[in-house]
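The next block holds one structure in the form of structure tokens; read it before the comments.
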Amino acid sequence: MARWALRRAAAGGVLLWLVATLTFALVSLAPGDVASRLSDARISPAVRERWRHDFGLDRPLASRYASWLGSALSGDLGSSWTHHRPVTAVLAESIPNTALLASLGLLLEIAGGVAFALAQLRRPHGTADRFITVVTLTAYALPTFLVALGLLYVFSYSLHWLPSSHLLSPAGELATGWAKTRDLLAHLVLPVLTVGIAGMGAVARYLRGSLLDERTQGYVVAARARGCSETRALLTHALPNAMLPLITMIGLSLPFLVSGSLVIEVVFSWPGMGQAMYAAALARDVPLLMGGTLVATLAVVVGNALADLAYAAVDPRVRV
Amino acid sequence: MNPRHARSPLVALGLAMVASACSDKPYPATAPDGAEGPRRGGQCVVGALADVSTFNEYQSAGDSYELQLMELLFPSLMVEQPDFELHPPSFAPSLATSWEFSQDNRVITFHLRPDARWTDGVPVTANDVRFTYLVQKDERIGAPGLEIKDYITDVEVKDAHTVAFHFSRVYPYQLMDANDGHIIPEHAWGKVPMDKWRATDFEEILVTSGPFRVAAHNPQQTLILERDPAWWGAPRPYLDRLVLRVIPDIASQLAQLVAGEIHLVEVVPPREAGRIRDHTELELVEYPSRRWGFVAWNNRRAPFTDRRVRKALSLAVNRKALVDSVYFGHARLAVGPVLSSMWAFNRNLAPLPYDLAQARALLAEAGWRDSDGDGILDRGGKPFVFDLAYPSANSLRADMAVIIQADLARVGVVCRPQQVEYAALLARLDAGQFDASISAWAEATKVDLTAPWTTPSDTQGTSNFMGYSNPEVDRLIAAAREEADYARAKVLLDRIQEIIVDDQPVTFIYEANDLVGISRRIRGADFNALSTFFNIDEWYWGP
């Protein structure tokens, strides 16, 4: 176990370094830099050169890379060129917003997916199964922005039930305690639904497939033969095994918890990592881009490792 | 040019009364209902495409939208008046109650209000004015308006409320240059070493002195400003709060405006203007902006080195039809290098006509003929083909590119529209690696044609990426800049405009109108091309 952890950590470290190096090169070699992008075309070249000098953009790429790597290794991600604050402070604002939305979305996606799959398996190939297949396939195929706009149109602009954007209303910003929480919850509904609906279809399709396989397996047949009800056979025997592929899916979803979705964040004016990284890329804010990339890559590494651990925990045939 | 008066066309603002969540009714006004005229109370929510990046304007890139907001939080010596149509801008008292010029006009002495206070109770004094000047001039900080203070040699503190600006020369824009940039608090920000400014978060040590102060800031989300009761303009502003909502998508801003969730959008796309105008609870306010657009020809690269070719291309583009179809009538044809809404505009000039015959004749004169009969002009065996770059994520310019392409095809010129990411495009323009580009500028209210139209060098022509060079224009611009009498300067400026229009270093296309969508519940708002919030202290929530 210790050797496994060491090996994974080493491999993860190498991956982080590779991704960081590649990203640094891509971002630095892209045409334009923070000084050309930030300034009005009329800001004098002298001022622009001053910015370039301050950010070290007048030094060779290798030297910039070396100093970035040196600081990063000592835990200093530097200061954002556009926010004028430490990169960690900017990330610390954006990641919780993204994580909140993505984790609730993920929960809804799993819960909804499992519920749909179980409903379908009550009578495979029956009317309900076919109907749900259509629904889940549609949900899976719909572009996220369309789902978001549809929800907005119905619940926000037509029915006026739910707020259309942001984490909090202006009144909620100034409120405290329960009033603030309630405001936040109201604002969460539509974005979480959007994330959930998009993923739900995939979960349901996966699970239905593996449940169909599992329910004909010997141990399920044996359970039924022992007098187990169909529901019980499905829920307590087939489901845990059918969930195995989902573990990989969830592990792979973990990066989404920190990287966010630009489309959803823009539509709902949600200040998460998607928007932060998009703006950083447009503005050529190298330190912020590098910081965001590192965190996202770390999430991939950790997500995969957790998925493997979870696999080993639920499936005795797998050893780490 | 004065970048600090420029505004970015990419920036939009929305303003609205609050409808929190969806069930809440708009924030109630504290004054009794039914009363006419301004009254105190109400909360106004301002939407924005992006959050403010800093509360210290000398740290930022001089984004004009941020400067509009800093105007609400920090004092200025004077307030520039929106009268640039008639003459160079005049000024109204603000932090300075009066000012006078010395006999030789080289010193301006300002007398400050004794009652002005920062939010922490410390008085606003002449020391703050001097500190601001030192910051503006400091190389380590590299503030965007650095060169604006070139002719100010010193700012002298006479006493706590008297400050004198010393100039190295006498010129027409002395008041404007002295006034440029908001006054910042020395006692709070003077402690930060200037070489640390770039990476300092000034929000942590924020003190302000304006009609509003910061009540709460949730980054990338909401900025809440509240009325500062200690402001010297009391009883104004009438609004209790001004809330900025970051809504990065303009379509979402419009949807929220129509739904009544926000009540003002600053940059209504021309295409959507009709929808806003026809809405019973909204009003569409339209006025000439300071933004204008053009096709920049690379004057250093053949065949655009030839004046006849540039002029022919301008004549061959049906600019009237282009502006009407892209701007739906919400823009005018641009004429030359000075906006038609400026006092310095040469009113004897008219836009070049749309004249295919003359365009063909000029091209033929320049040696471009269709010698192989393929419908494309050629010279020396090379066809007339060029790339027309424009920034991605700008649908208006994409539409323009396609129309220009079709128009030029009629005279046998092949134009290849080429979409380029914004930062990459700016880098290319800077390096002179382009044939032509659809660009836009926001004009300052200070008329100084040096940066865009003089021959590029270290100090001149600094935004002349087109590489335009005409010694006569250089000479006249320098003379106009020195001329202290604006009537005499106008004669020079008129001549400069004639020459530049004749040279067509760029094809002048449009002068855009600003289109503001506002809820009819907000009263007293008077927008102008200086700022959407120009008279924010007079806005009130109507009955």
Side-chain angles (χ1 to χ4, degrees), chain A residues 30-34 36-48 50-51 53-55 78-79 81-86 89-90 93-94 97 152 156-157 160-174 183 186-187 265-269 271-272 275-276 279 282-284, chain B residues 1 3 6 8 18 20-24 27 43 45 50 53-54 59 61-62 64 139 142-144 146-147 198-202 215-216 218-222 224 241 243 245-249 252 255-256 259 261 421-430 439 441-442 451-452 458 462-463 465:
Chain A
D33 62 38
V34 69
S36 61
R37 177 65 175 82
L38 268 179
S39 49
D40 191 289
R42 304 189 160 201
I43 285 179
S44 72
V47 170
R48 271 192 262 177
R50 179 77 220 178
W51 282 72
H53 175 76
D54 285 356
F55 295 140
S79 193
W81 292 348
T82 50
H83 293 259
H84 313 284
R85 289 181 296 149
V90 180
E93 272 159 20
S94 304
N97 296 339
L152 274 177
S156 203
Y157 297 131
H160 297 285
W161 287 357
L162 291 163
S164 63
S165 66
H166 296 89
L167 280 157
L168 291 166
S169 66
E173 292 279 358
L174 296 173
D183 194 50
H187 283 78
E265 289 180 12
V266 166
V267 172
F268 291 104
S269 302
Q275 280 201 57
L282 289 185
R284 307 287 194 270
Chain B
M1 287 294 155
S8 156
V18 124
S20 82
C22 50
S23 53
D24 297 1
Y27 189 87
Q43 170 170 282
V45 180
S53 69
T54 169
Q59 186 187 38
S64 58
E139 294 269 332
L146 189 64
E147 65 285 349
R198 186 85 74 220
T200 298
D201 183 2
F202 285 88
N218 190 350
Q220 312 304 317
Q221 177 90 165
T222 308
I224 303 185
R241 285 195 208 101
V243 182
R245 292 286 255 175
V246 179
I247 305 169
D249 177 34
S252 301
Q256 295 195 20
E261 278 186 61
E421 191 263 342
Y422 189 53
L425 178 60
L426 288 181
R428 266 200 220 178
L429 298 183
D430 257 359
S439 296
W441 272 337
D458 280 351
T462 47
S463 52
F465 66 91

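Proteins get letters first, then strands, A, B, ... in listed order; numbering begins at 1 in each. Side chains included, hydrogens not; waters and symmetry mates left out as well; all remaining heavy atoms used.
The residue among B/D458, B/L429, B/N218, B/T54 with the most heavy atom pairs within less than 4.5 Å of chain A is B/N218.
A donor-acceptor pair shorter than 3.5 Å can be found between the side chains of A/S164 and B/Q256.
Across all non-hydrogen atoms, the minimal contact from A/H84 to B/S53 is CD2-O, 3.8 Å. Heavy-atom minimum distance, A/Y157 versus B/S252: OH-O, 4.3 Å. Looking at every heavy atom in both residues, A/P31 comes nearest to B/A424 through CG-CB, 3.4 Å. Of all heavy-atom pairs spanning A/W51 and B/Q59, the tightest one is CH2-O, 3.5 Å. Closest approach of B/A259 to A/H160, counting heavy atoms only: O-CE1, 4.5 Å.
Residue contact with chain A, scored on non-hydrogen atoms closer than 4.5 Å, involves the backbone and the side chain of B/A199 alike. For A/V267, the part sitting under 4.5 Å from any heavy atom of chain B is the backbone (N, CA, C, O) and nothing else.
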- prompt: side chain to side chain contact (heavy atoms under 4.5 Å, CB included) between A/L174 and B/I224: does it pass, once the steps are laid out?
  reply: CA-CA 9 Å; A/L174 296 173; B/I224 303 185; 3.7 Å; yes
task: Show the numbers, then the answer: is there a side chain to side chain contact (heavy atoms under 4.5 Å, CB included) between B/Q220 and A/H166?
output: CA-CA 10 Å; B/Q220 312 304 317; A/H166 296 89; over 6 Å; no
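Between A/R48 and B/D430, the closest side-chain pair of non-hydrogen atoms falls below 4.5 Å. Using a 4.5 Å cut-off on side-chain heavy atoms (C-beta onward), A/F55 and B/R198 make contact.
Ionic pairing of A/R284 and B/E421 is present here: one or more N-O contacts between side-chain nitrogen and carboxylate oxygen are shorter than 4.0 angstrom.
Applying the ring pair (Phe, Tyr, Trp, His ring centres under 6.0 Å) criterion to B/F202, with sequence neighbours excluded, gives B/W189, B/W197. A search for side-chain hydrogen bond (donor to acceptor under 3.5 Å, both in side chains) contacts involving B/D201 returns nothing, not counting sequence neighbours.
In this structure, OG on A/S169 lies 10.0 Å from CD on B/E261, to the nearest 0.5 angstrom.
For the side-chain contact (heavy atoms from CB on, under 4.5 Å) test with B/Q221, the passing option among A/P271, A/S165, A/S269 is A/P271; the others fail.
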